[in-house]
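A short worksheet on the structure shown next.
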Protein chains: 2
Amino acid sequence: MAKGKSLEELTDPVFYILIALVEPRHGYAIMQYVEEETQGTFKIGPATLYTIIKKLVGAGLIEAEPESDPRRKTYAATAAGITKLEEEVVRRKRMVDLGMLVLQTKGRGK
Amino acid sequence: MAKGKSLEELTDPVFYILIALVEPRHGYAIMQYVEEETQGTFKIGPATLYTIIKKLVGAGLIEAEPESDPRRKTYAATAAGITKLEEEVVRRKRMVDLGMLVLQTKGRGK
DNA sequence: TTTGATATATCACTTATGGATATATTAAGA
DNA sequence: TCTTAATATATCCATAAGTGATATATCAAA
């Protein structure tokens, strides 16, 4: 089922989903959470959501809570998932910092 | 030539390439720049590079310098490209901030 | 003159994303 | 009670994005 070496760098929807699952949430709640947190800017549809959930479960970054009934399956980030998220936050912060630096340096003689 | 509604949110390689082109650079130099800036962490191969260059030119976010000879075609971000990059930095900063907030809030009683 | 670095470009394959759709449950009204 | 909207999970399938491999060609140095 694919999965491979990807997830080394997280894409935007994967990043958002992992953020959402720092606290336990079921699928639909993830969609709503992301939409709210981004002021409706970023929407994750069901296809993207369940595709990514499957992949994250396969990679051991999230897991379904055992008691959760199938009508409302609750997921949460595993310890590995939290670690991964922390790394990804750092990685992305570097990107943002580089962007800001380059923009602010622009124009000024090198 | 494709292009569509994409480029609304920039993916990682597109973001890096646009950052590189805040100063004029030719293709190969972009590859090297990104590799250096990321300490070899993030590499952009030629296929990705030229695919994205084409797309960015089509979208008016970068342009080839008119004098540049075809053996060493130099590109640079347009005004629209700089604006886009600024927006993207803000968008990504929000994502990072959300990630940090969520991680640091975790565990503490809601 | 051969080799490695520079440089651009495309092919063809894989991966990622997401609209549309299907199905089922639940809660609130009329 | 019927019906409708919101909740909820899931997949199909088409499009978009990313990329290793490969093909060329030039240039500088040994």
Side-chain angles (χ1 to χ4, degrees), chain A residues 1-18 20-21 24-36 38 40-59 61-65 67-76 88 95, chain B residues 1-18 20-21 24-36 38 40-59 61-65 67-75 88:
Chain A
M1 193 183 284
K3 170 218 107 96
K5 51 72 62 53
S6 66
L7 290 180
E8 209 184 301
E9 286 109 14
L10 306 186
T11 59
D12 287 357
V14 177
F15 185 65
Y16 273 127
I17 289 172
L18 199 50
L21 291 181
R25 279 190 172 87
H26 57 89
Y28 196 76
I30 296 171
M31 287 196 250
Q32 292 177 313
Y33 173 80
V34 172
E35 186 164 352
E36 279 162 31
T38 62
T41 295
F42 200 94
K43 287 174 196 173
I44 297 175
T48 305
L49 179 76
Y50 292 105
T51 301
I52 291 175
I53 283 180
K54 224 175 274 177
K55 201 194 304 187
L56 288 176
V57 170
L61 299 182
I62 66 172
E63 63 187 357
E65 313 240 299
E67 355 73 59
S68 63
D69 78 297
R71 279 280 316 125
R72 222 179 143 93
K73 222 181 299 180
T74 300
Y75 299 90
E88 181 68 11
M95 293 180 75
Chain B
M1 191 185 286
K3 172 214 103 101
K5 54 70 63 51
S6 66
L7 292 180
E8 209 184 300
E9 287 109 12
L10 306 186
T11 59
D12 287 358
V14 176
F15 185 64
Y16 273 127
I17 289 172
L18 200 48
L21 292 180
R25 277 191 175 88
H26 57 88
Y28 196 74
I30 295 171
M31 286 196 252
Q32 292 177 313
Y33 173 81
V34 172
E35 187 164 349
E36 280 162 30
T38 62
T41 295
F42 199 94
K43 287 174 197 174
I44 297 176
T48 305
L49 179 76
Y50 292 105
T51 302
I52 291 174
I53 283 180
K54 225 177 272 176
K55 202 195 303 188
L56 288 175
V57 169
L61 298 182
I62 66 171
E63 62 188 357
E65 312 239 301
E67 355 74 57
S68 63
D69 78 298
R71 277 278 317 123
R72 222 180 141 94
K73 222 181 297 178
T74 300
Y75 299 90
E88 182 68 10

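By convention in this document, chain letters (A, B, ...) are assigned in the order of the sequence lines, proteins followed by strands, and residues within each chain are numbered from 1.
When the C1' atom of dG18(D) is taken as reference, atom CG of Leu56(B) falls 14 Å away, rounded to whole Å. Protein atom CE of Met31(B) is 13 Å distant from nucleotide atom P of dT19(D), rounded to whole Å. Computed from coordinates, the Glu9(A) CD to dA16(C) C1' distance equals 14 Å when rounded to whole Å. Straight-line distance from the CD1 atom of Ile30(A) to the P atom of dT17(C): 15 Å, rounded to whole Å. Between the C1' atom of dA5(C) and the CD atom of Glu35(B) lies a distance of 13 Å, rounded to the nearest Å. Rounded to a whole Å, the CD1 atom of Ile53(A) is 8 Å from the P atom of dA10(D). Atom C1' of nucleotide dA16(C) and atom CG of Leu10(A) are separated by 13 Å, given to the nearest angstrom. For the pair Glu8(B) CD and dT15(D) C1', the interatomic distance rounds to 16 Å; values are reported in whole Å.
Each of dT9(D), dG18(D), dT8(C) was ranked by its minimum atom distance to the side chain of Ile52(B); first place goes to dG18(D). Among the nucleotides dT17(C), dG18(D), dA16(C), the one closest to the side chain of Lys55(A) is dA16(C).
Residues meeting the side chain to side chain contact (heavy atoms under 4.5 Å, CB included) test with Tyr50(B), sequence neighbours left out: Pro46(B), Ile53(B). Thr51(B) pairs by the side chain to side chain contact (heavy atoms under 4.5 Å, CB included) definition with nothing, not counting sequence neighbours. Under the rule for a ring-ring contact (aromatic ring centres under 6.0 Å, His included), Tyr28(B) has no partner lying at least two apart in sequence or in another chain.
Of the side-chain N and O atoms in Lys73(B), one or more sit less than 4.0 angstrom from OP1 or OP2 of dA9(C). Taking side-chain N and O atoms only, Lys43(A) has no distance below 4.0 Å to OP1 or OP2 of dG18(C). Phosphate proximity of dT6(C) to Tyr28(B): present, with a side-chain N or O under 4.0 Å from OP1 or OP2.
Across Phe42(B) and Glu9(A), no two heavy atoms sit closer than the pair CD1-OE2, 4.0 Å.
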Could you go over nucleotides 11-14 of chain D and give all protein N or O partners under 3.5 Å, atom names and distances?
{"from": "dT11(D)", "atom 1": "OP2", "to": "Lys54(A)", "atom 2": "NZ", "distance (Å)": "2.8"}
{"from": "dT11(D)", "atom 1": "O4", "to": "Ala47(A)", "atom 2": "N", "distance (Å)": "3.3"}

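Residues Ile44(A) and His26(B) each lie close to DNA chain C; by heavy-atom proximity, the contact nearer the 5' end of the strand is made by His26(B).
Interatomic distance, Leu61(B) CG to Leu10(B) CG, rounded to the nearest 0.5 Å: 7.5 Å.
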Derivation and outcome, side chain to side chain contact (heavy atoms under 4.5 Å, CB included), residues Ile17(A) and Leu49(A):
CA-CA 8 Å; Ile17(A) 289 172; Leu49(A) 179 76; 3.9 Å; yes
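If you check every strand for non-hydrogen atoms under 4.0 Å, Gly27(A) touches sugar and phosphate atoms only.
Counting only heavy atoms from C-beta outward, the side chains of Lys43(B) and Glu35(B) approach each other to under 4.5 Å.
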